*Asks:* 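Below is a structure I'd like to ask you about.
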Amino acid sequence: MPLSSYFHLRDAFAKPRISCSCRFICNATPPTYASFHSAPFNQPPSIFSSLLHEFSNTFIHVKSIHAQIIKNWVSTEHFLSAKLIRAYSHLGFLSLARKVFDQSSHLETTVCNAMMAGFLRNHQYNEVPKLFEMMGSCDIEINSFTCMFALKACTSLLDSEIGEEIVRTVIERGFHLHPCVGSSVINFLIKCGNLDDARWVFDEMPERDVVCWNSIIGGYVQELLFKEAIQLFFEMVGCGIRPSPVTMSNLLKACGRSGCEKLGRCAHGWVLALDMGRDVFVLTSLVDMYSNLSDMDCASLVFNSMCSRSLVSWNAMISGYVQNGKILEACALFQRLVRSGFGFDSGTLVSLIRGCAQISNLENGKILHACIIRKGLELNLVLCTAIVDMYSKCGATKQATIAFERMEKKNVITWTAMLVGLSQNGYAEDALKLFCQMKEENVAANSVTLVSLVHCCAHLGSLKKGRSVHTHLIRHGYAFDAVNISALIDMYAKCGKIHPAEKLFNNGFHLKDVVLCNSMIMGYGMHGHGHHALNVYDRMIEERLKPNQTTFVSLLTACSHSGLVEEGKTLFRCMERDHNIKPRDKHYACLVDLLSRAGCLDEADALVKQMPFEPSTDVLEALLSGCRTHKNINMGIQIADRLISLDYLNTGIYVMLSNIYAEARQWETVNYVRGLMRIRGLKKTPAYSLIEAGNQVHTFFANDDSHPSWADIHQLLENLRLEVEACGYVPDTSCVLRHVNESMKVKLLWGHSERLAIAFGLLSTPYGSLIRITKNLRVCVDCHTVTKYISKIVKREIIVRDANRFHHFVNGECSCNDYW
DNA sequence: ATAGGGTTAG
């Protein structure tokens, strides 16, 4: 014990403070340090109480007072036990506090409360409910303090069962009317996601101080109900309550997240007026707010003017840069942080990982992953979820899966990250399987999970699963916002159901959301309803809804699928003139596609030549595809050459080029191109078709004999072939681009994946029902013709969605009369 | 005698 402490102690005895607790000492003979040590027996317990009050901040003092208490045989006094417990646990000596508690001969409310508070202070949350139950079974009275402490533990433990029981007791006995207990109840309810009841408690309270307001405002912020949070803030100020730094920090968060720029800047002024200009918490919230408002100049201004910063301040600034796509600035700041010797934590790493994900920098992402393993941070949920997300965004699905499987603990966000990763990397079926696994492990989905599932269903064309997700959304009361509705519109449209998509759109139009409109335009476009797509655009203009560049991509695609050449050209002209949107590469690609599909190859070629920037592979591919369709071999070869020089490893180009040569029957050149592909390690994307039957999605590749019902499928196709031939069908072998004899060509045609899927559909779905096929590439002319015949013979409606559009076959006719 | 609210990251 340092000497100075003795002096401190002696001074305290010499000049006792005039406080209630010291009055005993003042009235008694003035004690000295010596007298303290040789204190006589039979001191009144109140003296120890006062001593503990005065010297509870030094362990050695507490210990010697404790010794004196034992010597004086007064340890049975329960309020002394409580004081000792409190002193020991404040000093972090929980085991000593526990010892006092265990040795208390008479357990009573005060002692138990002190022990509970001790557990809380030392983060031993799971001890608290045990103690609470013990109090119940020993018939020890429970008061408002007991409830408050126990509730706080339940909030940390997310133990809703015991917590709710306590809340009931609190309300029965009216404890919640006290501001401290009330705000604890509010916090607990908010943590359980029960904002409505929290608000009820808040409204019940007769006396609400700033902390109560902070609790309820914080709840609204946490539930992302920013407008309501802001409104409550004004109500609070209206009640004459002065905002605390916590209030301002909540308000700033609400402004930043909801994009209320004006109010946010006002709030900055209030922070200064309220003299909080040096509060690290508040300033960090300001940095965060400006980052969320994408005003990085103001964010860095605040950050650089801070006279002291916490690690969270640094992290907020780094994450702000990442969020706003300024990865270089984020890295520079990280270096500054490391150089300043401040160190960094998992929060810093998360932002950096997110930065890598954003720019698909797998190399640095791996380094960060290694760093996490080396630092033993593998149990950090947020961090590992970010890693899974990073690998997915970099296209490294396998590594993402490994990282995901290695995680011991996972939550909804982890599962969702993996799900989104699979779905966006084209593993929609695996994503749906993962979702089943997630349900088995009783992890409840959130709306992000469900939206990503909707995308999977859309990708697979799985109407059944898509519908079940839709009903799930309705049944569990998820908010139908523009994001949800857009995803559902897209799903229904891709599953060939334009009417439900329309209904969703009409019900959601009041949201005035561009993305929502874009999905509908895209949906109409896919279905060949070009005029309907244009109508949506007209409605947008009427409602003064500003179209964005995606709107025009969707519109031009729609025109292209419906052959609306003039309309497409007009739209292209007006996008810059009327809406100040400069045509980007995508738009050129759409217009070139539109023109070249319509056979205006020269016009398309001229457009490519007068583009203000170098055409991308997308633009040239559109032109190339037109050359193939309209059999312009010379232009096709030229474009293909140019494409290969631009994108050496694009499989599609080689396939298209070899198809052009094949149609010109230049088999040697076909073989040459195929050889090139082989040398360059490129493989043709295998064609496959999907069909949903029962609760399963069945996949068929061309000439696929791996399906269990293969023999039946084969037999049915043979019968169908005889029937369609009897109806006058003649095979068009021009789309078999291999140099084999005619009968082999016919055989190959009957092995096309869509035919296998259709046959399986006929075998496995009830008579008269609709058959829905999804194909990854485009349907060939011959399959198109055959499907028309089949739809007539079997009297079944058949919808085939291919890479480009829908083909709706009814009674020998197709919605798109013209194949292309 | 004992009391409640806050900043970053998936």
Side-chain angles (χ1 to χ4, degrees), chain A residues 20-21 46 49-50 52-53 56 78-83 85-86 89-90 109-118 120-121 143-149 151-152 155 175-176 178-188 190 208-219 221-222 244-253 256 279-289 291-292 309-320 322-323 345-355 357 380-390 410-418 420 448:
Chain A
C20 213
S21 57
S46 53
S49 168
S50 310
L52 276 173
H53 189 81
S56 63
H78 57 75
F79 63 88
L80 274 184
S81 302
K83 282 217 152 184
I85 291 168
R86 183 165 187 268
S89 44
H90 268 250
T109 314
T110 314
V111 181
C112 294
N113 287 355
M115 194 65 242
M116 269 195 191
L120 287 177
R121 176 168 273 269
N143 64 16
S144 64
F145 290 98
T146 324
C147 292
M148 196 175 54
F149 293 144
L151 209 50
K152 198 174 172 198
T155 310
F175 292 154
H176 65 293
H178 188 282
C180 296
V181 188
S183 46
S184 299
V185 174
I186 292 172
N187 287 328
F188 168 76
I190 288 168
R208 294 178 298 213
D209 61 8
V210 66
V211 180
C212 300
W213 284 94
N214 289 343
S215 296
I216 194 76
I217 293 175
V221 172
Q222 205 190 296
S244 74
V246 180
T247 325
M248 292 318 285
S249 157
N250 276 329
L251 177 68
L252 292 170
K253 195 171 175 179
D279 186 307
V280 181
F281 268 96
V282 176
L283 291 174
T284 305
S285 301
L286 269 171
V287 170
D288 176 56
M289 180 190 76
S291 304
N292 281 321
R309 303 181 188 101
S310 68
L311 190 49
V312 178
S313 319
W314 286 89
N315 290 349
M317 194 64 217
I318 292 174
S319 125
V322 171
Q323 266 175 54
D345 69 353
S346 55
T348 328
L349 287 172
V350 169
S351 296
L352 296 175
I353 291 164
R354 218 179 131 196
N380 185 315
L381 194 60
V382 177
L383 203 46
C384 292
T385 304
I387 286 289
V388 171
D389 182 60
M390 181 273 296
K410 296 167 189 139
N411 66 7
V412 216
I413 304 175
T414 320
W415 285 90
T416 306
M418 191 67 239
V420 171
V448 183

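Just so it is clear, the model here is predicted, and its values are computed rather than measured.
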*Asks:* Can you name the residues that form a side chain to side chain donor-acceptor pair (under 3.5 Å) with A:Thr146, not counting sequence neighbours?
*Replies:*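 By the side chain to side chain donor-acceptor pair (under 3.5 Å) rule, A:Thr146 matches A:Asn113, A:Asn143.
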*Asks:* Which whole-number value in Å describes the distance from A:Met289 CE to B:dT8 P?
*Replies:* 13 Å
*Asks:* So A:Ser346, base contact, sugar-phosphate only, or nothing? Heavy-atom distance under 4.0 Å.
*Replies:*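 A:Ser346: base contact, heavy atoms under 4.0 Å.
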*Asks:* Heavy atoms only, 4.0 Å cut-off, all strands: where does A:Gln323 land among base, sugar-phosphate and nothing?
*Replies:* sugar-phosphate
*Asks:* Select base, sugar-phosphate, or nothing to describe what A:Leu381 touches, counting heavy atoms under 4.0 Å on all strands.
*Replies:* base
*Asks:* Please find the pair of heavy atoms, one from A:Ala417 and one from A:Thr385, that lie closest to each other, and give the distance.
*Replies:*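 The answer is CB-CG2, 4.0 Å.
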*Asks:* Specify the separation, in whole Å, of atom CG of A:Leu352 and atom P of B:dG10.
*Replies:* 12 Å
*Asks:* To the nearest angstrom, how far is A:Ile413 atom CD1 from B:dG10 atom P?
*Replies:* 9 Å
*Asks:* List in chain and number order the residues that pass side chain to side chain donor-acceptor pair (under 3.5 Å) with A:Thr109, two or more places apart in sequence or in another chain; answer none if no residue qualifies.
*Replies:* none
*Asks:* Partners of A:Ser249 by side-chain contact (heavy atoms from CB on, under 4.5 Å), sequence neighbours excluded?
*Replies:* A:Ser285
*Asks:* Examine B:dT8: is either OP1 or OP2 under 4.0 Å from a nitrogen or oxygen in the side chain of A:Ser319? Give yes or no.
*Replies:*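 It does not, given that no N or O in the side chain of A:Ser319 lies less than 4.0 Å from OP1 or OP2 of B:dT8.
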*Asks:* A:Ser184: which residues meet the side chain to side chain donor-acceptor pair (under 3.5 Å) condition with it, sequence neighbours left out?
*Replies:*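 With neighbours one apart ignored, the set is empty.
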*Asks:* A:Asp279: what forms a side chain to side chain donor-acceptor pair (under 3.5 Å) with it, not counting sequence neighbours?
*Replies:* none
*Asks:* Classify every nucleotide of nucleotides 2-7 of chain B by which part a protein heavy atom approaches to under 4.0 Å, writing B for the base, S for the sugar-phosphate alone and - for neither, in 5'-to-3' order.
*Replies:* BBBBBB
